[in-house]
Amino acid sequence: MKSFASLVSVAALGAAMLLSPGVAHAAAPNYVALGDSYASGVGTRSYIDSSGSCQRSTKAYPYIDAGRIGANLTFVACSGARVADVTANQLPSVTSAADIVSVQVGGNDAGFSSVITECAKPSWLGDCTGAIANAQSIINNTLPGRLNNLYSAIRGRAASADVVVVGYPRLFNGTDCNAGTFFSPTEMNRLNATADLLNSKISASASAAGFAFVNPTAKFIGHAVCGSPEWINGLSNPVSESYHPNVTGQVAYADLVQPAL
């Protein structure tokens, strides 16, 4: 039988091991979420009061994923943000303490909201063709430089962080079931093609920066506006909720983004 002294020694050794830095639990990662309304959670109809017009939601994918991985979340995504807004207003939250950064921006630079509004009009009242052409021109010729500068700035501020760039889904399945909108099949196809173009340019800039890119296109097929089930709101009241992921859509985004974090 072991002596009392030896038992005390074993107990002391066990306590020392528990308190040793080598077996301590790792600190929670610091996660900074940047972006526009898709990242802030517009479309979920539930917003954090203090976020004001930025409309950040606890149902948005950054909030969901931070909870899943046990991260300390700095949530600064804001409705309506363009690349310049992220750079001016959100980028200061990215510091050397950041372990993870996600960023989703570019759709507003292309004027996607105004394009959707134009294309939703009857053909005799709107100029969908011109709106799409203008958006594609910005995506091809202007947006890549803006993204390259932003991504470089993120890396400069958080040299060791894992950075995840998030893309946009196609909005249409080929059917317009909403009263009050007049999307033709051709217009919906062209709008989806524009979303694909946007993703291709965002992906290229992310790759050049050495960042991961999450493309939601495949996961959202069958679940766009008028899908079953619908993960993206159609024309809604208030109108600001329109053409954004709903609660289920944000969970789908969270499922896509989490493995990349």
Pairwise side-chain contact, [X] with [Y], heavy-atom cut-off 4.5 Å (strictly under):
X: V225; Y: N233; result: no
X: V251; Y: I64; result: yes
X: K201; Y: L147; result: no
X: E230; Y: H223; result: no
X: L143; Y: V83; result: yes
X: I232; Y: P169; result: yes
X: I100; Y: V32; result: no
X: N246; Y: T44; result: no

Practice task
Decide, yes or no, whether a salt bridge links R68 with D255 under the criterion of side-chain N to carboxylate O below 4.0 Å.
Solution key: yes

Side-chain heavy atoms under 4.5 angstrom apart, residues restricted to Ile, Leu, Val, Met, Phe, Trp, Tyr: same cluster for [X] and [Y]?
X: I69; Y: Y63; result: yes
X: L197; Y: Y38; result: yes
X: I48; Y: V42; result: no
X: V214; Y: L73; result: yes
X: I116; Y: F182; result: no

Under 3.5 Å, is there a donor on one side chain and an acceptor on the other for [X] and [Y]?
X: T175; Y: N173; answer: no
X: T194; Y: Q136; answer: yes
X: S102; Y: Y31; answer: yes
X: S93; Y: T74; answer: no
X: Q104; Y: Y168; answer: no

Please report the interatomic distance [atom1]([X]) to [atom2]([Y]), rounded to the nearest 0.5 Å.
X: S236; Y: N178; atom1: OG; atom2: CG; result: 7.5 Å
X: F211; Y: D162; atom1: CZ; atom2: CG; result: 10.0 Å
X: D65; Y: L261; atom1: CG; atom2: CG; result: 5.0 Å
X: T181; Y: K121; atom1: OG1; atom2: NZ; result: 13.5 Å
X: L235; Y: S242; atom1: CG; atom2: OG; result: 4.5 Å
X: N199; Y: R170; atom1: CG; atom2: CZ; result: 9.0 Å

Considering non-hydrogen atoms only, spot the tightest contact between [X] and [Y] and give its length.
X: I139; Y: L198; answer: CG2-CA, 3.9 Å
X: N148; Y: S205; answer: OD1-OG, 2.9 Å
X: K219; Y: A252; answer: CE-O, 3.5 Å
X: C78; Y: S40; answer: N-CB, 4.1 Å
X: P216; Y: Y253; answer: CG-OH, 3.5 Å
X: R190; Y: A133; answer: NH2-N, 4.5 Å

Among [options], find the residue that satisfies the side-chain contact (heavy atoms from CB on, under 4.5 Å) test when tested with [X].
X: L191; options: L171, D196, I132, T186; answer: I132
X: R82; options: T87, N108, D36; answer: N108
X: R56; options: S37, S51, S50; answer: S51

Practice task
Go through the steps for F183 and N189 under the test side chain to side chain contact (heavy atoms under 4.5 Å, CB included), then give the verdict.
Solution key: CA-CA 10 Å; F183 297 103; N189 286 335; over 6 Å; no

Side chain of [X], backbone of [Y]: donor and acceptor closer than 3.5 Å?
X: Q90; Y: G35; answer: yes
X: Y47; Y: R45; answer: yes
X: E118; Y: D127; answer: yes
X: R146; Y: G106; answer: no
X: E187; Y: S184; answer: yes

Exercise for the section: Show your working on side chain to side chain contact (heavy atoms under 4.5 Å, CB included) between V164 and V101 and close with a plain yes or no. Expected result: CA-CA 6 Å; V164 180; V101 178; over 6 Å; no

Problem - Y243 vs F112, side chain to side chain contact (heavy atoms under 4.5 Å, CB included): CA-CA, chis, key distance, verdict - result: CA-CA 10 Å; Y243 305 102; F112 234 91; over 6 Å; no

Problem - Ring-ring centroid check F172 F220, cutoff 6.0 Å - result: no

Exercise for the section: Would you check, one step at a time, whether the test side chain to side chain contact (heavy atoms under 4.5 Å, CB included) holds for F213 with S207? Expected result: CA-CA 7 Å; F213 177 69; S207 178; over 6 Å; no

